[in-house]
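Here the structure is laid out as C-alpha cells; the discussion comes afterwards.
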Amino acid sequence: MLKLMTVDDSNIIRNKIQRAFDSGRFSMVASACNGKEAVSLFKVHQPDVVTMDITMPEMDGIACIQHLMAINPNVSILVVSALSDKATGIEALEKGAQGFLIKPFTEQQLSEALIELTEHLDV
C-alpha cells in the first residue's frame, strides 16, 4: 500500500481526497494545510505520494515541491490546483511534480490521475 499525504489550505479538498483514498491502493498518512507544515510532516511520515496545492499561506506549493524533492527525489507529486495557466504547471513539473490536476475535479478524475502517477510503483 502506498503512503499518501495531501497538502492543501482547503479543509474541504483535504477531506475530499482523504475520503476517496483512505483504503485500497493508498493509505492516508498525513494532511497539511501549507507547505511549511507539509515539509515537517513529510520528514516524519515519509509518504510515497503527495497531492500538492500551489497557492497556500506560509510556503506555496512550488517551494514545497523543491523541499520535498530535496528530502526524497523518488516521491511522486500530483499538483492539484485551481491555477490553470501553463506557466504554473510547467514550473511545478520542472521542480519535480509528475502530474497536474485542475480544480474542481471529480473523484474519478482524481483516482485516474493518482493511478497514472503511481502505476510504475510497486504496491
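Everything numeric here is computed off the predicted structure, so don't read it as measured data. The residues of the chain are indexed from 1 along the displayed sequence.
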Fill in: Main-chain N/O of I77 paired with Q98 side-chain donor or acceptor, under 3.5 Å
yes
Fill in: Under 3.5 Å: donor-acceptor pair, side chain of Q109, backbone of T106
yes
Fill in: 4.5 Å side-chain heavy-atom contact, T51 and V7
no
Worksheet item: Would you say S111's side chain and E107's backbone share a donor-acceptor pair under 3.5 angstrom?
Response: no
Item to complete: Apply side-chain contact (heavy atoms from CB on, under 4.5 Å) to F42 and N72, showing your working.
Response: CA-CA 9 Å; F42 187 86; N72 179 2; 3.9 Å; yes
Worksheet entry | Within 45° cone of F105 ring axis and under 6.0 Å: K16 NZ or CZ | yes
Worksheet item: Mind checking whether L41 and I71 sit in one hydrophobic cluster, side chains of I, L, V, M, F, W, Y counted as touching below 4.5 Å?
Response: yes
Worksheet entry | Shortest non-hydrogen separation from V75 to P47 and the atoms involved | CG2-O, 3.8 Å
Fill in: Separation of L68 CG from N74 CG (nearest 0.5 Å)
13.0 Å
Worksheet item: If you measure from CD on E91 to CD1 on I54, what distance do you get to the nearest 0.5 Å?
Response: 8.0 Å
Worksheet item: Is atom NZ of K103 surrounded by more than 12 heavy atoms (other residues, nucleotides or ligands) closer than 6.0 Å?
Response: yes
Discussion item. Could you measure the distance from the CD atom of E116 to the CG atom of L78? Nearest 0.5 Å is fine.
Written reply: 9.5 Å
Response to the item:
When rounded to the nearest 0.5 Å, the distance separating CG of D8 from CG of D53 is 4.0 Å
Worksheet item: Going only through I, L, V, M, F, W and Y residues with side-chain contacts under 4.5 Å, is there a path from M5 to I115?
Response: no
Discussion item. I need the minimum non-hydrogen distance between A38 and C64, along with the two atoms involved.
Written reply: CB-SG, 3.7 Å
Fill in: Polar side-chain atom of K3 near backbone of Q46 as donor-acceptor pair, under 3.5 Å
yes
Worksheet item: F26 and T118: side-chain contact (heavy atoms from CB on, under 4.5 Å), yes or no, with the steps?
Response: CA-CA 10 Å; F26 301 95; T118 61; 3.7 Å; yes
Discussion item. Less than 4.5 Å apart, side chain to side chain, heavy atoms only: is that true for T55 and D60?
Written reply: no
Worksheet item: Between N34 and M56, is there a donor-acceptor pair closer than 3.5 Å when you use the side chain of the first and the backbone of the second?
Response: no
Worksheet item: Between CG of L4 and NE2 of H45, what distance do you get to the nearest 0.5 Å?
Response: 12.5 Å
Fill in: Pairwise distance CE(M59) to CD1(I65) - rounded to 0.5 angstrom
11.5 Å
Practice prompt. Test side-chain contact (heavy atoms from CB on, under 4.5 Å) on D48 and S76 and set out the steps.
Written response: CA-CA 6 Å; D48 306 298; S76 295; over 6 Å; no
Discussion item. Do R14 and T6 pair up side chain to side chain, a donor and an acceptor below 3.5 Å, judged on atom types alone?
Written reply: no
Discussion item. Quick check on the hydrophobic clustering: are I62 and L93 connected, directly or via other members, by side-chain heavy-atom contacts under 4.5 Å?
Written reply: no
Practice prompt. Identify the heavy atoms of A97 and V79 that sit nearest to each other, and give their distance.
Written response: CB-CG2, 3.7 Å
